[in-house]
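Below, chain A is the first sequence line, B the second, and so on; all start at residue 1.
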Amino acid sequence: MDEERTDTILEVNDVVMAFGGLTALINLNFQVRRGVIKAVIGPNGAGKTTLFNVITGTFPPTEGAIFFKGQSIEHLKAHEIARLGISRTFQTVELFTNMTVLENVMVGCHMRTKSSFIASGLRLSTVRRKEEHMREKAIGILKFIGLADKCNESADSLPLGERKVLEIGRALATEPTFVCLDEPAAGLNETETLAASNLIRRIKDQGVTVLLVEHDMRVVMDISDDIMVLNYGEKIAEGPPVEIQNNPRVIEAYLGGGEEYDA
Amino acid sequence: MLQIRKLPLIVFALLIVVFPWIARGVPAIANYPDLMVFAGIYCLITIGLSLLMGYAGQISLGQAAFFGIGAYVSAILTAKYGMNPWICMAIGMVAASIVAVLVGVPSLKLRGHYLAMATLAFGIIVFIIFNEEGEWTGGPDGLIGIPGLNLFGFQFNSVEKYYYLVWFFVFAVFLFTINIIQSRDGRALRAIHVSEAASSATGVNVSRYKIVVFVYSAILASLAGSLYAHYLNFINPSTFDLFFSIKLLIMIALGGMHDIWGAIIGAFLITFLSFEWLHFFEEFEIIVYGLILLVVTIFLPQGLAGIPHMIKNWLRR
Ligand SMILES: Nc1ncnc2c1ncn2[C@@H]1O[C@H](COP(=O)(O)OP(=O)(O)OP(=O)(O)O)[C@@H](O)[C@H]1O
Ligand SMILES: [Mg+2]
């Protein structure tokens, strides 16, 4: 038991998220073990993105607690949570379209670098050195995700597949220990999907824990260590891929068989 | 990569330095150095406004108020209390930043139209205070007897001397702002412009940056106000009305908001238009400004500074 506790990086306790009359998350409880890829699956509108928003501080949960490395984070602001080491991507890619590929990743390096507004304005030598350091770090990340040759292109000009990858790169630049990826393979072709799976595995190999929302079941079954299934804001199943694949409740939820379930 | 090139900056600095000599030799433009003093003063405001609006994407319709705060703090403390103008200038900037924090903390939570309305209301309130607090501000008649500036016994008592003083400030501020834009702070501001959600998820303290850039723009406007008061030696509230805030917006829209050079170009053009080239329009002047804004937003959304970029894109096609 003690062993398991220290092994948990994220713990979600009785989380409720209500938007007016609609309850998007209902008494949700789960844990994520350090160093795994945990997938969250479920039909459209199940509450997956809402869960990410609650974990990363886009808005606080209506009720419940979230612990990251033992610290309660549900009341923190998004940038404070990012500072603790949780990073994310967005279902609808949210790149900084007014910047180059490199600059996007450099914004990711922002918070791990300190400099005052005045020091920046005077361009002190320390500022110049940090800028150089950020650039090198960003280039390293671009190499890791395979976009180094697109460095100076506008982020806006990339095809969707590369935009998604770039967003992952920006998230990695914050030096996270935990990343939430919201449908990284949506809209990608076969090759791109394979590359994305590979990238996520390599992120895990770096010791980063991954929480993955994804509709592409091949990706999910292929790379996850653990899967949680949401339906209408409730957890209906949780376990290793083989178990989930054969779980009748999961199959029903995915077939949209509400009637069958009632019968 | 956002790189602001050095060569145009050097050329521009040289032009500014030699311009008064040229003007001396050409009677037709003999009064231009005087106009350039005003253009420089407006540049100080538009540089801050460009960082706030063009880069960080936050609108302010209340910049005239900060301009006025600088002018009135300097005017009241020097003309009524005989304090050292440089110290008053600093006090003005501190006062403007305090007001900016008080106004900014609640308003910058708002977005788009709401932020515009909040800053608009702020500008109107300050304008009313300038008019009504007659005991301090002299009411609608304004304040006279504001002393000129001197430094270690050197009097800035001619147009040319004041021209160099103002443009010294403009260049200092311009360089400082260019450095900001090319730093991590500049990237954070541009990031906020596009997506607050992505910025904060990436660890950028969005509300802090919004306040910082708002305060910075307020400080620059206040500095401009102090320089204005000491140049004219008198001020009255009408300078700091809503129309002036809008004129500032027209300056950066015309020059181009997404490029810091736009702030300079816009301030120049509008200054010369309003003081020199639009005289014969008289009260119809405001219509001309409306037309400028209309034409710019429809045909030149990137402003004049965006024209090279537009041409480049055209050629690529
Ligand atoms: N900010 C919000 N305000 C109001 N309702 C919301 C908000 N965000 C999500 N919802 C609602 O909460 C429910 C869950 O939405 P969510 O986006 O979390 O689903 P999802 O599982 O990510 O679905 P998808 O697979 O389509 O991305 C939906 O009914 C949605 O309309
Ligand atoms: Mg979703």
Hey, does [Y] have a side-chain heavy atom less than 4.5 Å from the side chain of [X]?
{"X": "Asp185(B)", "Y": "Ser115(A)", "answer": "yes"}
{"X": "Leu122(A)", "Y": "Asn179(B)", "answer": "no"}
{"X": "Glu103(A)", "Y": "Arg190(B)", "answer": "yes"}
{"X": "Glu94(A)", "Y": "Glu196(B)", "answer": "no"}
{"X": "Met111(A)", "Y": "Arg184(B)", "answer": "no"}

Before we go on, tell me: are the rings of His79(A) and Tyr209(B) under 6.0 Å apart, centre to centre?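 They do not qualify: ring centres at least 6.0 Å apart.
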Over all heavy atoms of both residues, which pair between Ala82(A) and Ala201(B) is shortest? Give the atoms and the distance, please. CB-O, 3.4 Å
Residue pair Thr202(B) / Val107(A): nearest heavy atoms and the distance that separates them: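 Minimum heavy-atom contact is CG2-O, 3.7 Å.
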Ile178(B) versus chain A, the contacting section by heavy-atom distance below 4.5 Å: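 Neither part.
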Contact part of Ser199(B) toward chain A, heavy-atom cut-off under 4.5 Å: side chain, backbone, both or neither?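 Both backbone and side chain.
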So does [X] have more than 12 non-hydrogen atoms from other groups sitting under 6.0 Å from [atom1]?
{"X": "Lys6(B)", "atom1": "NZ", "answer": "no"}
{"X": "Lys77(A)", "atom1": "NZ", "answer": "no"}
{"X": "His215(A)", "atom1": "NE2", "answer": "yes"}
{"X": "Phe19(A)", "atom1": "CZ", "answer": "yes"}
{"X": "Phe59(A)", "atom1": "CZ", "answer": "yes"}
{"X": "His309(B)", "atom1": "NE2", "answer": "no"}

Could you measure the distance from the CD atom of Glu80(A) to the OG atom of Ser200(B)? Nearest 0.5 Å is fine. 10.5 Å
Can you measure from CG (Asn104(A)) to CZ (Arg187(B)) and round to the nearest 0.5 angstrom?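 Going from the CG atom of Asn104(A) to the CZ atom of Arg187(B) covers 10.5 Å.
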Looking only at heavy atoms and a cut-off of under 4.5 Å, which of Ile180(B), Leu175(B), Val204(B) has the most pairs with chain A? Ile180(B)
Between Ser207(B), Ala191(B), Gly186(B), which residue shows the highest count of heavy-atom pairs closer than 4.5 Å to chain A? Ala191(B)
Look at the aromatic rings of Phe117(A) and Tyr216(B) and report parallel, tilted or perpendicular, splitting at 30° and 60°. perpendicular
Contact winner vs chain B - Arg83(A), Arg123(A), His110(A), Met99(A), heavy-atom pairs under 4.5 Å: His110(A)
Residue selection (most heavy-atom pairs with chain B, distance under 4.5 Å) from Val101(A), Thr113(A), Thr89(A), Thr58(A):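 Heavy-atom pairs under 4.5 Å are most numerous for Thr113(A).
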Structural part of Leu95(A) lying under 4.5 Å from a heavy atom of chain B: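 When you check distances to chain B, only backbone atoms of Leu95(A) fall under 4.5 Å.
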Within residues 165-181 of chain A, residues adjacent to chain B where the heavy-atom gap is under 4.5 Å: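 Only Arg170(A), Thr174(A) of residues 165-181 of chain A have a heavy atom under 4.5 Å from chain B.
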